[in-house]
Amino acid sequence: MTTAAGGQPVAETDVLVVGSGPAGAAAALFLASYGTRTLMVTKYSRLSDSPRAHITNQRTMETMRDMGIEDALMREATPWELMGNTTFCTSLAGEELGRIPSWGTDTVRHADYELQSPCTMLDAPQTVTEPILVKAAQERGARIRFDTEYLSHTQDEDGVTTMVRDRLTGAEYAIRSQYLIGADGARSKVADDLGLPFEGPGAVAGAMNIIIEADLSRFVAHRPSVLYWMLQPGAEREGVGLGVLRMIKPWHEWMLMWGYEVAVGPPTFTDEFIRELAVTLVGTGDFEMTVKSASPWTVNHQFATTIARGRVFCAGDAVHRHPPTNGLGSNTSIQDSYNLAWKIAHVVAGTAAPSLLASYDAERAPVARQIVERANQSIVDTGKILTALDLTDTTDVTRLERQLALRKEPGPEGEKIRAALREAIAYKAYEFDAHGVEHNHRYASSAVLPDGTAMPGFRRDPELYAQPTTWPGAKLPHTWVTRHGRRLSTLDLAGQGRFAVVTGIGGQPWLDAAAELAAALEMTITPVLIGPGQPVEDPYGTWAGLRETDDGGVLLVRPDLYVAARHQAAPASAAAAREWLAGALSSVLGRPVAAGRPA
Ligand SMILES: Cc1cc2nc3c(=O)[nH]c(=O)nc-3n(C[C@H](O)[C@H](O)[C@H](O)COP(=O)(O)OP(=O)(O)OC[C@H]3O[C@@H](n4cnc5c(N)ncnc54)[C@H](O)[C@@H]3O)c2cc1C
């Protein structure tokens, strides 16, 4: 620590991260893993004490795999096979209206998911994820300060000065960094201080999360799921569209979700209120329970249209605020940080120009908009279940019961309800199986070099189905290849903070060029040669089917496993390979890269 002019102590770091939620903890982990000096400060004395976000999608798990902590998370999470069977019912003990196989657990959809990624989906509440991320970040050198509150920041040409308060002593001090990441959640002061422009309303509905311990195995173990949705009188008002019982630990820890009117304010969480709600959702009072916590929150529909200014970047809920529908909250937050961290790491290391950092806003601001719209639309879509039952207001209990009874009656009215209900529940695939939303990003920015081809059109619904492509700006497709006979994913061939050059037989000049240019740039570029008799083989032939290049063509893959540039065919000569690769690297890194052989 040094001292500023006024005698005030100044801590120094390359990157200051504010917040230890999924966005901040992941940013600290990625940066520390890349060898960037990182300090993470967080306001409270602990990590999240509430399970909140939980659905962990394959793309997030790919980032964890890249960091070498996929297994740690899998050990503590609820596994994929217990996540399906999203159930719509009147209560756990009551009438079941239907189920939708979710998160790729359906027989047909499972293949789509398995083809897309080496990773599984899993259910990992924030209380599980955050400690794993933070421990790994710390082990890799990130400095972490609890009880440290962000107060303000100013930036100048050379860096950012951030004022923080030590909440134990009240002492305020400055932290000087090259870059600042505001991962301080939905009430982000960093985003506020930056004056980021937001679109969409906050607090469109009230909701409450109540955590209870109760063994509900006998109601659910035969239809394992993360979510059970309850059609109850008044359940569609506010909240997330219906009442919800969410599994936290199978099958004895639960989150109860219910709405409240924002204008009226949240209820008082008395023991009686909570017990009554729990009994309503479970559908019987014949169970023991202990209340762990209760808190109100609001459904937001807000995203920032600009997510960074100068040396300050915001990630996570700081720039996208939306309901938990689709389970995109922490996933998107972690993926924001994965997109940002390698860019900052390269700029701090001097291997990329600061102009690379502008690509964070260009690539991730559209994602913020997309997921906020998607998550809110999913609440609207739940309304189709009511429409199917020809209901507009479930508080008319007589009508609600009549319509539910009609569903079991012979005759055209009952038949119509049954068909409409089946359709409405199947439509919820846009919430529970939106595999395309999770994987189909196509980045357009300075960190992607177009190859002149048009983006391949989507063959199936782009929200539901992931479609791999090597089109520059898309994620490197996954498939299984082998090294020394052992199976590994194509995603395992790249990442770890480095660019990779991926080619096949006839593409050796690309690798020679990569080695020369890497030496000149003082960075590492991972060489990957896939083909018979090569270090990596494609015995199933699936890589050849996915790569969309000739054998000797090449992909320049970014550290976040996105394709930065692509060349269709083998190079005409060693010089041509050097020239193309130098041009691609120069374009992506934003700095001159000489194509000629170093003297
Ligand atoms: C009650 C509730 C329930 C939710 N349920 C779900 C769910 O079921 N599923 C789902 O996908 N998503 C859910 N979410 C959303 C999900 O939790 C978020 O999307 C996710 O946590 C975002 O991660 P983040 O790191 O951006 O922010 P957060 O997890 O909110 O983390 C913000 C961090 O910043 C710190 N911080 C804040 N201000 C300061 C400051 N001034 N100085 C220093 N540190 C500061 C906080 O201490 C915290 O560590 C829920 C959110 C809430 C509030």
Side-chain angles (χ1 to χ4, degrees), residues 16-29 39-57 60 123-127 129-131 133-134 144-153 162-167 175 180-193 203 206-211 226-227 239-240 244-248 254-257 266 293-300 302-304 307 314-337 368 371-372 374-375 378 431 438:
L16 174 64
V17 179
V18 177
S20 57
L29 168 62
L39 168 62
M40 181 174 83
V41 298
T42 190
K43 187 169 170 180
Y44 301 106
S45 56
R46 46 157 179 75
L47 300 176
S48 178
D49 60 352
S50 145
R52 300 198 284 157
H54 55 119
I55 302 293
T56 306
N57 66 34
T60 297
D123 190 276
Q126 251 167 276
T127 38
T129 313
E130 286 184 18
L133 293 174
V134 170
I144 293 166
R145 291 292 177 273
F146 287 95
D147 288 305
T148 304
E149 182 177 3
Y150 162 90
L151 298 176
S152 64
H153 76 267
T162 302
M163 291 305 301
V164 297
R165 178 190 294 125
D166 179 329
R167 284 163 54 101
I175 300 171
L180 167 64
I181 299 179
D184 49 342
R187 293 196 198 98
S188 173
K189 181 150 169 37
V190 178
D192 222 27
D193 291 349
M208 59 190 92
N209 282 358
I210 298 168
I211 317 288
V226 173
L227 294 165
V240 291
V244 177
L245 264 169
R246 177 194 133 194
M247 178 278 297
I248 295 169
W254 297 87
M255 179 184 283
L256 281 56
M257 275 198 246
S293 67
S295 53
W297 53 285
T298 56
V299 173
N300 299 310
Q302 247 181 5
F303 52 87
I307 60 175
C314 282
D317 277 15
V319 284
H320 32 81
R321 301 155 186 180
H322 55 91
T325 30
N326 288 75
L328 292 166
S330 62
N331 288 301
T332 309
S333 304
I334 290 170
Q335 290 160 34
D336 285 346
S337 295
I371 61 138
V372 169
R374 179 60 260 164
S378 290
E431 177 173 354
E438 295 164 1

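One-based numbering, in listed order, for ligands and for the atoms of each. FYI, the numbering just counts along the sequence from 1.
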Side-chain donor or acceptor of D147 paired with backbone N/O of R167 under 3.5 Å = no

Exam field: side chain N331 to backbone I55, donor-acceptor pair closer than 3.5 Å | yes

Quick one: look up the protein heavy atom nearest atom 25 (O) of ligand 1 and list residue, atom name and how far away it is.
-> A23 N, 2.9 Å

Distance-only donor-acceptor check, side chains S378 and T325, under 3.5 Å = no

What protein heavy atom is closest to atom 41 (N) of ligand 1, reported as residue, atom name and distance in Å?
-> Y150 O, 3.4 Å

Do me a favour and list the nearest non-hydrogen protein atom to atom 31 (O) of ligand 1 with residue, atom name and distance?
-> G21 CA, 3.5 Å

Does the N or O separation between H322 and ligand 1 drop below 3.5 Å for any pair?
-> no

Record the part of R52 in heavy-atom contact with ligand 1 below 4.0 Å; permitted values are side chain, backbone, both and neither.
-> both

What atoms of ligand 1 come within less than 4.0 Å of a heavy atom belonging to T148?
-> 43 (C)

Can you list the atoms of ligand 1 that are under 4.0 Å from a heavy atom of G316?
-> 26 (O)

Answer yes or no: is there a donor N or O on one side and an acceptor on the other, between the side chain of N209 and the main chain of W297, under 3.5 Å?
-> no

Near A183, which atoms of ligand 1 are under 4.0 Å from a heavy atom of that residue?
-> 32 (C), 33 (C), 34 (O)

Just by distance, do the side chain of E130 and the backbone of S48 share a donor-acceptor pair under 3.5 Å?
-> yes

Less than 3.5 Å between some nitrogen or oxygen of E149 and one of ligand 1, yes or no?
-> no

Could you check atom 37 (C) of ligand 1 against the protein and tell me its nearest heavy-atom contact, residue, atom and distance included?
-> D184 O, 3.4 Å

Pick, from A25, P51, P22, S48, the option with the minimum heavy-atom distance to atom 23 (O) of ligand 1.
-> P22

Mark yes or no for whether S333, through its side chain, and G329, through its backbone, hold a donor-acceptor pair below 3.5 Å.
-> yes

Side chain proximity check, R52 to P324, heavy atoms < 4.5 angstrom = no

In this structure, atom 45 (C) of ligand 1 is nearest to the protein heavy atom K43 CB, 3.6 Å

Using a strict 4.0 Å cut-off to heavy atoms of S330, name the atoms of ligand 1 that fall inside it.
-> 19 (O)

At a 4.0 Å threshold, what atoms of ligand 1 neighbour a non-hydrogen atom of Y44?
-> 47 (O)

Give the single entry among T42, V319, V17 that approaches atom 46 (C) of ligand 1 most closely by any heavy atom.
-> T42

Taking E149 for its side chain and R165 for its backbone only, find out whether a donor-acceptor pair lies under 3.5 Å.
-> no

Give a yes or no answer on whether the side chain of S152 reaches the backbone of Y150 with a donor-acceptor pair at less than 3.5 Å.
-> no

Numbered atoms and elements of ligand 1 in range of G329, under 4.0 angstrom, heavy atoms | 11 (O), 19 (O)

Does any N or O in the side chain of D166 come within less than 3.5 Å of the main-chain N or O of T148, such that one atom is a donor and the other an acceptor?
-> no

Closest heavy-atom approach to atom 16 (C) of ligand 1 among R321, R167, Q126 is made by Q126

Give the residue, atom name and distance (to 0.1 Å) of the protein heavy atom nearest atom 7 (C) of ligand 1.
-> P324 CB, 3.2 Å

Kindly identify the option in S337, G185, S20 whose heavy atom sits closest to atom 48 (C) of ligand 1.
-> S20

Judged by atom type as modelled, is there a donor-acceptor pair below 3.5 Å linking the side chain of R321 to the main-chain atoms of A186?
-> yes

Would you check if there is a donor-acceptor pair between the side chains of Y44 and D49 at a distance under 3.5 Å?
-> no

Taken to the nearest 0.5 Å, the spacing of R145 CZ from T42 OG1 works out to 13.0 Å

Could you tell me the residue and atom name of the protein heavy atom closest to atom 19 (O) of ligand 1, and the distance to it rounded to 0.1 Å?
-> D317 OD1, 2.7 Å

Give the residue, atom name and distance (to 0.1 Å) of the protein heavy atom nearest atom 3 (C) of ligand 1.
-> N209 ND2, 3.0 Å

Any R246 heavy atom less than 4.0 Å to ligand 1 = yes

Sub-4.0 Å atoms of ligand 1 with respect to non-hydrogen atoms of V18 | 42 (N), 43 (C), 44 (N)

Check ligand 1 against W297 and write out every atom of the ligand that is under 4.0 Å from a heavy-atom position of the residue.
-> 1 (C)

Are the side chain of S337 and the backbone of A23 linked by a donor-acceptor contact shorter than 3.5 Å?
-> yes

